[in-house]
Amino acid sequence: MGLVYADIKLTNESDLLLVRRNIIDQDGVKQLDLRMLVATGAYMLSINENIQAILQLPFVQKRRAQNADGRVVEFDVVGPVRVEFKDRMSMCMAMILPGDSEPLLGAVPMEEMDVVVLPLEQKLAVNPGHPEYALMRI
């Protein structure tokens, strides 16, 4: 299987709360459309410092995570961030990767959005088992 990428929209969820409270206009919401690597082996959403500079997500905590090379590294965690793919949405936290590292769409937001990887087509898709709605296990 080759690498799978998906077109994802990221939005600062705190900004959306400010819009609902009539504190800022919709024009003030920080959001970004980007192509992300679908990383089924990663748990969390991971964005880089450049993306964080645009979205300005609030700092939540520091967490340790194991890189693909096995090293344990401490990362800042920010959020909440709204993640959208087609008609699906998830709200989650994001780990900040250094510099312009490739952003990763991890398993947690994918599970919440109920999307699947189609390896032969090398694409991310809405789960064909329930195309009208996201179904989660509780």
Side-chain angles (χ1 to χ4, degrees):
M1 177 172 94
L3 299 178
V4 175
Y5 287 87
D7 293 322
I8 303 294
K9 181 178 186 176
L10 301 179
T11 305
N12 183 321
E13 186 65 28
S14 298
D15 286 352
L16 293 174
L17 177 62
L18 295 175
V19 169
R20 287 192 292 275
R21 293 175 150 186
N22 295 315
I23 295 171
I24 66 170
D25 293 331
Q26 186 68 36
D27 295 342
V29 174
K30 293 176 276 309
Q31 56 192 16
L32 185 63
D33 293 309
L34 67 155
R35 195 147 179 81
M36 295 186 78
L37 178 62
V38 175
T40 58
Y43 292 115
M44 294 183 70
L45 177 75
S46 297
I47 62 174
N48 61 42
E49 292 170 335
N50 297 335
I51 295 168
Q52 169 60 359
I54 294 167
L55 295 177
Q56 299 176 19
L57 298 162
F59 173 82
V60 175
Q61 66 181 358
K62 289 194 174 287
R63 287 189 74 178
R64 290 183 182 91
Q66 189 172 29
N67 281 341
D69 64 6
R71 290 181 300 124
V72 175
V73 181
E74 189 171 73
F75 296 97
D76 285 351
V77 175
V78 297
V81 57
R82 180 179 292 220
V83 181
E84 294 177 80
F85 173 75
K86 299 201 177 193
D87 66 342
R88 304 294 169 95
M89 187 269 296
S90 170
M91 280 188 289
C92 60
M93 301 297 140
M95 287 191 151
I96 305 297
L97 303 173
D100 63 350
S101 299
E102 185 164 41
L104 307 172
L105 180 65
V108 169
M110 285 192 282
E111 285 287 328
E112 187 175 358
M113 291 188 291
D114 192 19
V115 295
V116 296
V117 176
L118 302 176
L120 293 177
E121 299 174 43
Q122 292 186 307
K123 72 177 191 177
L124 187 68
V126 167
N127 189 333
H130 2 91
E132 293 87 24
Y133 56 87
L135 182 66
M136 294 176 59
R137 293 188 192 113
I138 56 171

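Just the heavy atoms: all of them, side chains too, but no hydrogens, waters or symmetry mates, feed the values below. Everything numeric here is computed off the predicted structure, so don't read it as measured data.
The two atoms that bring Pro128 and Val116 nearest to each other are CD-CG2, 3.8 Å, heavy atoms only. Smallest separation of non-hydrogen atoms from Asn12 and Gln56: ND2-O, 3.2 Å. Of all heavy-atom pairs between Ala125 and Leu118, the closest is CB-CD1, 3.6 Å. The minimum heavy-atom distance linking Pro80 with Leu57 is given by the pair O-CD2, 3.5 Å.
Partners of Tyr133 under the ring-ring contact (aromatic ring centres under 6.0 Å, His included) rule, at least two apart in sequence or in another chain, are His130. In this structure, the side-chain hydrogen bond (donor to acceptor under 3.5 Å, both in side chains) partners of Asp69, at least two apart in sequence or on a different chain, are Arg71.
Distance CE/Met113 to CE/Met91: 12.5 Å, rounded to 0.5 Å. Rounded to the nearest 0.5 Å, atoms NZ (Lys62) and CZ (Arg64) are 10.5 Å apart. Separating the CD1 atom in Ile138 from the CG atom in Leu135 is a distance of 10.0 Å, to the nearest 0.5 Å. Atom OG in Ser90 sits 10.0 Å away from atom CD in Glu13 (nearest 0.5 Å). Cys92 SG to Arg82 CZ: the interatomic distance, rounded to the nearest 0.5 Å, is 11.5 Å. Distance check: Asn48 CG to Leu97 CG gives 7.0 Å after rounding to the nearest 0.5 Å.
Residue Tyr43 qualifies as open at atom OH: its count of foreign heavy atoms under 6.0 Å is 12 or below.
Linking Ile, Leu, Val, Met, Phe, Trp and Tyr whenever their side-chain heavy atoms come within less than 4.5 Å leaves Leu32 and Met89 in two separate clusters. Both Met95 and Val60 belong to a common hydrophobic cluster when Ile, Leu, Val, Met, Phe, Trp and Tyr are linked at side-chain heavy-atom distances under 4.5 angstrom. No continuous path of hydrophobic side-chain contacts links Leu55 to Leu16 [ILVMFWY only; heavy atoms under 4.5 Å]. By the criterion of side-chain heavy atoms lying less than 4.5 angstrom apart, applied directly or through intervening Ile, Leu, Val, Met, Phe, Trp or Tyr residues, Leu17 is not grouped with Ile23; the two fall into different hydrophobic clusters. Taking hydrophobic clusters as Ile, Leu, Val, Met, Phe, Trp and Tyr residues chained together by side-chain heavy-atom distances below 4.5 Å, Val81 does not share a cluster with Val29.
With contacts defined as side-chain heavy-atom distances shorter than 4.5 Å, the pair Ile96/Phe59 does not qualify. By the 4.5 Å heavy-atom criterion applied to side chains, Val108 and Leu45 are not counted as neighbours. Ile47 has its side chain within reach of Leu10: a pair of non-hydrogen atoms, C-beta onward, lies under 4.5 Å apart. By the 4.5 Å heavy-atom criterion applied to side chains, Asp76 and Arg63 are not counted as neighbours. Using a 4.5 Å cut-off on side-chain heavy atoms (C-beta onward), Met110 and Leu124 make contact.
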#### Entry: side-chain contact (heavy atoms from CB on, under 4.5 Å) evaluation trace for Ile8 with Phe85
CA-CA 5 Å; Ile8 303 294; Phe85 173 75; 3.9 Å; yes
### Query
Hey, mind stepping through Val77 and Met44 against side-chain contact (heavy atoms from CB on, under 4.5 Å) and telling me if it holds?
CA-CA 10 Å; Val77 175; Met44 294 183 70; 4.2 Å; yes
### Step-by-step side-chain contact (heavy atoms from CB on, under 4.5 Å) determination, Lys9 to Val83
CA-CA 6 Å; Lys9 181 178 186 176; Val83 181; over 6 Å; no
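Listed by first and then second residue, the salt bridge (charged side-chain N to carboxylate O under 4.0 Å, His left out) pairs that reach into residues 28-40 are Asp7-Arg35, Asp15-Lys30, sequence neighbours excluded. Pairs passing the salt bridge (charged side-chain N to carboxylate O under 4.0 Å, His left out) check and including a residue from residues 109-125, sequence neighbours excluded, read Arg88-Asp114, Glu121-Lys123. The side chain to side chain donor-acceptor pair (under 3.5 Å) pairs that include a residue from residues 95-109 are Tyr5-Glu102, where partners are two or more places apart or lie in different chains.
At distances below 3.5 Å, not a single donor-acceptor pair connects side-chain atoms of Asp25 with backbone N or O atoms of Gly28.
Other members of a hydrophobic cluster containing Met136 are absent, since no ILVMFWY side chain comes under 4.5 Å of it, directly or through relayed contacts.
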